[in-house]
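This report refers to the structure that appears directly beneath it.
Within every chain, numbering begins at 1; the chains are lettered A, B, ... in the order of the sequence lines, protein sequences first and strands thereafter. Just so you know, these numbers use all the heavy atoms, side chains as well, and skip hydrogens, waters and symmetry mates.
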Amino acid sequence: SLPAGSWVPSVTPQDILYRGILRRKPGRPAGDSCTSQPLPVLPTQLSHFFVDHPEDAFGSLGKLLHQNFYLGDSKLRVSVHSGLPPCSGCPRKNLVPRLRWFSHLARDWLFEVPLGLLADCVHEDLLLQWASLLFDDSPTGGALAWLPPKDVGARTGRLVYPGGQAMNHLCILPHGVALRRGGGGREGVPWVAGTSWDTAVSRVALCPLPDFVGVRSDYHCGVWRVPGRTGAAPTPLQVIRTSVPASCLTVSPHLPGELAVCTQSGAVYLWSVETGLQRLRHDPQTMFFRDHSPWRWSDFTAHPRVLSCADRTGLQCLDTRVSPGGCHFDLFKVGEEAGCQQGERVVLPMYLGRAYPSQHLVTTQFSVYVLDERLPLVPVLKWAHMMKAPPLFAHLTPGGPGRSHKVLLGASRTQELLLLQYRGEKRGALGVLWGRVSSVPTSQPPCCRDRLPPPPLGLGSEEEEEEEEQTFYLSNLEVIIDEEEEDGGTPVVPEEAECPQEPSANPQPSPAAALRYRRWLKAFSKVCGQPPRHTRPPTFGQKRLFTRKELEEPSAPSALQGQARRWLRQAMRDGGCLQRWDPPPSALPEPPEPAEDPDPLSARLTASWCGDWDGWWEGRMSSSLAQRQRALRERRRRQKRARGRRSLSASFTSSLTYQSELSELSDPDTAPPPRREASPPLGTSPPAAATPPSPEEALLSSQSLRSRGIPKERRKTLRDYLAVWADGPPEPPELPGSQASQLCIPSSQSQLSSASQPRRKRPRMGF
Amino acid sequence: MDSFLEEEEDDEEAAAATKNAAVGSALLPALHLPSLPPHLYQPGKGRAVGFPAKSKEVCLSYIQDAMLRKQWKRAAEFLTFYIESLEKDFSTEYMGPSEVIWRIGAEILCHRFHNNMKEFSSFIEQMKTLGVKRYLKVCLEHAFHLLCNGQIDEAYQNLSLAESWRFGEQTAIQDKEMKLIQAYRGLLDYYSWSKQKNILLEHGQDGLEDLSVEQEMHGCFRKAAMNLKEIIKIPGVWDLFVKCYVDLLEFYGDYSEAREVLNEYAYNSKFPANPNAHVYLYQFLKRHGESKKSLLSALKILHDIVPSHELMIDFHIMLQKSKKRKKRRLGLEVIFAVLDYAGWKENVKAWSCLARQVKQIVISEKHLDWIKQEWDPRRDWWPAFHFSRYSAKRNWQENESLSYEKALVAGILLGKGCKAQVKRFRILKKFLNKHNPVYLRLSGLSDSSVQP
């Protein structure tokens, strides 16, 4: 079981599809939906599996084997899964590093789960996920139900809905209590003992008068009795467990304690709380033509002993009084007789007994049909509903004598609502239904669409006799419908949609909100997993995020604030902007200032990245020319200073060198060609900084040395050492040898001349 | 009145549309590489996916939003934009934009101009030229609209015009719509015929004869009869047309033809099993004073098709009056079957019928096995269905006579166990005490039948 408070994100197409596959191929018309196809990327999926769950893939075999392997003596430091961001609560954290490395090494050949089997499982799951993305029929019928008050006029109606984090609680909301967003607010009772995921409620069906509530999840069906008193907890009567997922549960409107149950294996049961299950049919095949869907549905008809049974291809009526498969007749068939279109399938049948005892509603993805079981197969009424998604929820509000009946249809994914009204002349008479379904092809008001991220769970409606007003509930949305204009035959449309929590309705955090926030934090910290023992557990505190003063609103907002708020709301309503954002020119983010001394390497890389490498090189050459001239001048000055202490021959040589080099540099034609044809220079020379006369310079003078009592023969050594020491550190190690020797160690020139000069002198040989 | 015309016409339309439509269905089988429905596109990812389609969709949602808020003017403005987008429409969706425009535009016009017929007619004319594929459908709907606003002559003209429409293959494809248009024109002929008939009858009472009116009436009859006869031949549900045609025939005394039409309509196996056909036949037979036997046989068939039909009360009463035991036995069966249905649950007439017959049987102490045979299959669910404490309380509050009838039946069938129903009626109690052995025998018989 998963930790409380965790939230499983729903699968999106992007999880299954190749990235970029959603793009339209060129040459196809717009709106052609057949171009994009999901391609399960099995190698990728498998490698993800190995990376994400190495202990599952290699765990026990790895544990057995890795002791016998020599993995080297070096300490494991390299992160094996460098491609994944480290996250707290990561299951890999507790894995033995040695084992992890072993897994990494053995990934290609050692796995516990046979690859073929794993691939099959992954593929199967992908198909399932994809199918549910295309059309998820599990919430068919809806999981929201309205229990009307027993006595007319008493406002004691209640809303029954699933709650809890795993949606496995049955919550009952009395009339007049606001439903908090997110389904919280009221604690329900777990409807099946134990909390596992397969008990998530996907359908709540009820019989209005004796207050029987049927609850269905994938593998469980239960009957509850909801006492009439407000506040009394519902009591469970029976729970059955199915081996195949149940796809339908309806409560009999005629007999208390009777329900119809269908499973995906094609079995239809009449379930009586007193006598148990009675199987009416078991047929894995669909009724009228072959269809892949295992979805089955069953509902009651005007005769309490006759059940309607539906699959995607149509509806049949079964008589429970005779042996299974004995007596049945076809009520609706997808085909020519009902004027169906190609590919049309039954989505939701509903018995309209509260409006007309013999009528049924059948919705498909294109149309709504009203059928009369006395004249089967030919629909009494057909109406193209123009909804984008197939309507999975339907709710009937009988209009009473002389008033039209209302059918509210809802779609799950697109969150559309459609209200139809139809009218028949005489109750119980056949064929007098001359109904005009007036409809507005409405979708939900946009403001609500934005605020309802999860698909709705169901539809319920509250009927109030006294007031001309009806409230429809759509999971956490409440729509109030005004019935004023009904007599004129105009379509009744949801006038106003109210969300339980307007953004501006409750600016101050209520104590409940604070409590919820604290709970959320608690859950959040739980999700983050057990922290390692040696580190302090992370602490979360509401106080540290917001002080109490910050959370508090000023008691009365000032006039300016009020005005600002009005503007803001107005702007939000109009979808415009409150104030044009004209950034002052100075506010434009400047490109980062180039550093005083740009790193030559990065400058070169930048240039080559921009494709301007040649320009850079030219610039570099010219600038290095100037640099070298400057450097040479500097050297000359130093050499002049040192000349007095040198021998004549040495000074002669050096001056000669200096002269020739100067002439060399001043004449570009005779300059050594830049190594442009060769590979680009690996390094660049540092800017030859004009070194100011340093204190070492004074130290090196022979007078000062003599005065310090240093013997003459050692003075030179010391001078050399000091010179190297003074000039060495700024010298970058990657300098080309020729330049470095020239530019950076001028004082040792004379000593090094035998090593470095001959090459320099070569051009002078002819001179 | 009793008619399934509306839906029939829709069926025809859709059937015609089926052939042309390529449908992208959300329920298509999930193949190994299924196609991607439009709702899975995520806007903003990748390049703009089909921008024109997207903007059209947005425009449509704006129209719907405006209609939802009853901002008809705004909706009309958006609709004009939407029409512009039609120029580049190559969509093969099952409901193309032209049909959307037709539907939405009609709805907007109805509300915005408060059924201004001139505006509406010009709009419809445009719609006709816009979608040749549904020309006749639009014509038919236009005619209905005119009829609803009382402009019968215009509607007639419209239908006549539509009848003479020729457009290559399209005329043949929309054959069914053409038949419907002819039938409705026949219906309008019938309407003017019956109007003239009434004038003549009034004048006839005054002793005046108007030859021209009579001639016109005959002309109407011929046109109406021809068209109506045509449509009735096609298998379908034609309640309205059949009734009118039979009325015409009856007026001119052609009873054999009328009977033949009704028999054909009721018994031809190609036609859908339409209970109304039997009702019309029964009513026809009754009008012409047919023998009880034929009436009963007609009702017997109706009983087999629809045990919950309201004529079953008549059937039961007729059977009750019969002297044959078999028929009275059938009568009991009929009334029990009627009360099986939820729609009859609180019908006083039906309960009193049952109570009367049951009482008769109990008093005469003959044929108690009839009750037993009917009661046995219902023993397990009738008490909860009819005689629960809750329904007893409600019946007593709402309808005392119903409560009385039910209590009598419950007392006999359930014995003293059914206190909820019986306790308020002293006379009933007496009656039941007197006939207590009946209940014992009912239950005892059943027990003995179970035991061996």
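Between Pro256(A) and Ala384(B), the shortest heavy-atom distance links the atoms CD-O, 4.3 Å. Residues His254(A) and Lys345(B) share a closest heavy-atom pair of O-NZ, 4.5 Å. Gly343(B) and Pro357(A) get closest at one heavy-atom pair: CA-CG, 3.5 Å.
Considering CZ of Arg305(A) and CZ of Phe385(B), their distance stands at 9.5 Å, rounded to 0.5 Å. Residue Trp381(B) holds its CH2 atom at 13.5 Å from OG of Ser272(A), rounded to the nearest 0.5 Å.
Trp383(A) carries Arg103(B) over the face of its six-membered ring, with the cationic atom under 6.0 Å from the centre and within 45° of the normal.
Under the 4.0 Å criterion applied to side-chain N and carboxylate O atoms, Asp340(B) and Arg321(A) are assigned as salt-bridge partners.
Applying the 6.0 Å contact sphere to OH of Tyr62(B) captures no more than 12 heavy atoms from other residues, nucleotides or ligands. The number of heavy atoms from other shown groups lying within 6.0 Å of CD (Gln278(A)) is above 12.
Considering only heavy atoms from C-beta on, Asp380(B) stays 4.5 Å or farther from Glu274(A) through its side chain. In this structure, the side chains of Leu375(A) and Pro275(B) come closer than 4.5 Å at one or more pairs of heavy atoms.
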